[in-house]
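This one's a predicted model, so the numbers in the text were calculated from it and none came from an experiment.
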Amino acid sequence: MTDATQTPDLGTYGIWRGAAGLKPDLGAAIEKLGFGTIWIGGSPHADLQVAEKLLDATEHITVATGIVNVWSSPAAEVAESYHRLEAKHPGRFLLGIGIGHPEATGDYSKPYATLVSYLDELDAAQVPESRRVLAALGPKVLKLSADRAAGAHPYLTTPEHTAEARSILGPSKILAPEHKVVLETDPDKARAIGRPAVANPYLHLRNYTTNLERLGFAPDEIANDGNDRVIDALVAYGTARSIADRLREHVAAGADHVAIQALPADGDPIATYEALAPELFH
């Protein structure tokens, strides 16, 4: 019997992909390649049907949300969905939740208080802290991740941020950053693929631009879809081996797990996953 107080095993490397691109057969292929977690990107609906279909199609891989948006997905409904998944697939689902972006939400008043209230509702509905992580960039929400969740799932960050996040979270909490990758050795071609995925919308959202400025990027570097230094920091490109080395920098900086977002030129990520798996797991 699965211990509900135990956090699911994420493995060291997983796959982050938008919900629309996560068909069950792709989930099965990701599991066979050896990745530990499938992160459902975007803002999956509170019914968590995408997660359920992925869990149904796989045998042991962890499925996580990256992230459920607290403004658009009521806590009571999310809790009900969590318990449905836990009953059907014990110990394999991790609930990632987050506050989203002020630019995308009509009423964004008191975001921190809203997140705390949402966690209170999950507590009342008996969703364990060990089964949830928070989207966290700044120190305040990283501290909340340590106090009220199993850990943090930062998005659009660097190994330098990972080191800072680990110092705030402490040694025992999960730290699972996302990092984008492009399997392309030509820097100009790689940046041409990576830049749109970074710039639109993230370099126009103040949660992310503020975090990048904290990391030492100047506003004029972030402007105009990001200069090459910004893109190179946020998108790992090159051979599979060089990309794997970049992802390991997060682990060396304190990450327990890295969620890999492949940005293939043709839109099909499987070749990137297949190329990375031998470098990461053997």
With a 4.0 Å cut-off on N to O distance, would you call [X] and [Y] a salt bridge?
X      : Y      : answer
Asp120 : Arg148 : yes
Arg131 : Glu86  : yes
Arg248 : Asp245 : yes
Arg166 : Glu164 : no
Asp232 : Arg191 : yes

Give a yes or no answer on whether the side chain of [X] reaches the backbone of [Y] with a donor-acceptor pair at less than 3.5 Å.
X      : Y      : result
Lys88  : Glu52  : no
Thr7   : Ser130 : yes
Ser117 : Ala113 : no
Trp16  : Gly41  : no
Ser145 : Ala152 : no
Glu31  : Ile61  : yes
Thr210 : Asn207 : no
Glu178 : Leu156 : yes
His161 : Leu215 : no
Asn69  : Ser43  : no

Are [X] and [Y] grouped together when hydrophobic residues (ILVMFWY) are joined by side-chain heavy atoms under 4.5 angstrom apart?
X      : Y      : value
Ile67  : Leu94  : no
Leu134 : Leu175 : no
Val141 : Ile168 : no
Val181 : Val258 : yes
Ile15  : Leu33  : yes

Quick one: closest heavy-atom pair of [X] and [Y], and the distance?
X      : Y      : answer
Asp56  : His89  : OD1-NE2, 2.7 Å
Arg92  : Leu55  : NH1-O, 3.4 Å
Leu169 : Lys173 : O-CG, 3.7 Å
Ala51  : Phe93  : CB-CE1, 3.9 Å
Gly27  : Leu54  : CA-CD2, 4.0 Å
Ala240 : Leu183 : N-CD1, 3.6 Å

Near-ring test His153/Trp39, centroid separation under 6.0 angstrom = yes

Would you confirm whether the ring centroid of Tyr13 sits within less than 6.0 angstrom of the ring centroid of Phe35?
-> no

Nearest-0.5 Å distance, [atom1] of residue [X] to [atom2] of residue [Y]:
X      : Y      : atom1 : atom2 : answer
Thr37  : Ile30  : OG1   : CD1   : 10.5 Å
Leu263 : Tyr237 : CG    : OH    : 13.5 Å
Glu184 : Ile243 : CD    : CD1   : 9.5 Å
Ile193 : Lys180 : CD1   : NZ    : 14.5 Å
Thr157 : His179 : OG1   : NE2   : 7.5 Å
Ile260 : Leu280 : CD1   : CG    : 5.0 Å

Heavy-atom count around Asn224 CG within 6.0 Å, excluding the residue itself: above 12?
-> no

Above 12 or not: heavy atoms from other molecules or residues under 6.0 Å from CD of Glu221?
-> yes

Sequence neighbours excluded, which residues qualify as salt bridge (charged side-chain N to carboxylate O under 4.0 Å, His left out) partners of Glu249?
-> Arg246

Residues forming a salt bridge (charged side-chain N to carboxylate O under 4.0 Å, His left out) with Arg195, sequence neighbours excluded = Asp228

Taking it one step at a time, do Thr65 and Leu48 satisfy side chain to side chain contact (heavy atoms under 4.5 Å, CB included)?
-> CA-CA 9 Å; Thr65 51; Leu48 300 181; 3.9 Å; yes

Could you walk me through whether Ile97 and Leu119 pass the side chain to side chain contact (heavy atoms under 4.5 Å, CB included) test, one step at a time?
-> CA-CA 9 Å; Ile97 66 170; Leu119 291 169; 3.7 Å; yes

Any non-hydrogen side-chain atom of [X] less than 4.5 Å from a side-chain atom of [Y]?
X      : Y      : result
Arg17  : Leu26  : yes
Pro139 : Arg214 : yes
Ile40  : Val68  : no
Tyr208 : Asn211 : no
Gln126 : His83  : yes
Asp256 : Leu10  : no

Go through the side-chain N and O atoms of [X] and [Y] and say whether any donor and acceptor fall under 3.5 Å apart.
X      : Y      : value
Tyr202 : Tyr155 : yes
Arg132 : Tyr82  : no
Thr239 : Ser242 : yes

Which is it for Ile174 and His257 under the side chain to side chain contact (heavy atoms under 4.5 Å, CB included) test, yes or no, and what are the steps along the way?
-> CA-CA 8 Å; Ile174 288 173; His257 173 91; 5.6 Å; no

Residue of the set Thr209, Ile222, Asp225 for which side-chain contact (heavy atoms from CB on, under 4.5 Å) holds with His204 = Asp225

Begin from the C-alpha positions of Leu234 and Val230 and carry the test side chain to side chain contact (heavy atoms under 4.5 Å, CB included) through to its verdict.
-> CA-CA 6 Å; Leu234 299 172; Val230 170; 3.9 Å; yes

Between side-chain atoms of residues 264-279 and protein atoms elsewhere (two or more places apart, or another chain), which donor-acceptor pairs fall under 3.5 Å?
residue	atom	partner	partner atom	Å
Asp266	OD1	Asp268	N	3.0
Asp268	OD1	Ile270	N	3.2
Glu279	OE1	Arg241	NE	3.3

Could you please spell out the steps behind the side-chain hydrogen bond (donor to acceptor under 3.5 Å, both in side chains) verdict for Asp9 and His60?
-> CA-CA 10 Å; Asp9 182 9; His60 56 78; over 6 Å; no

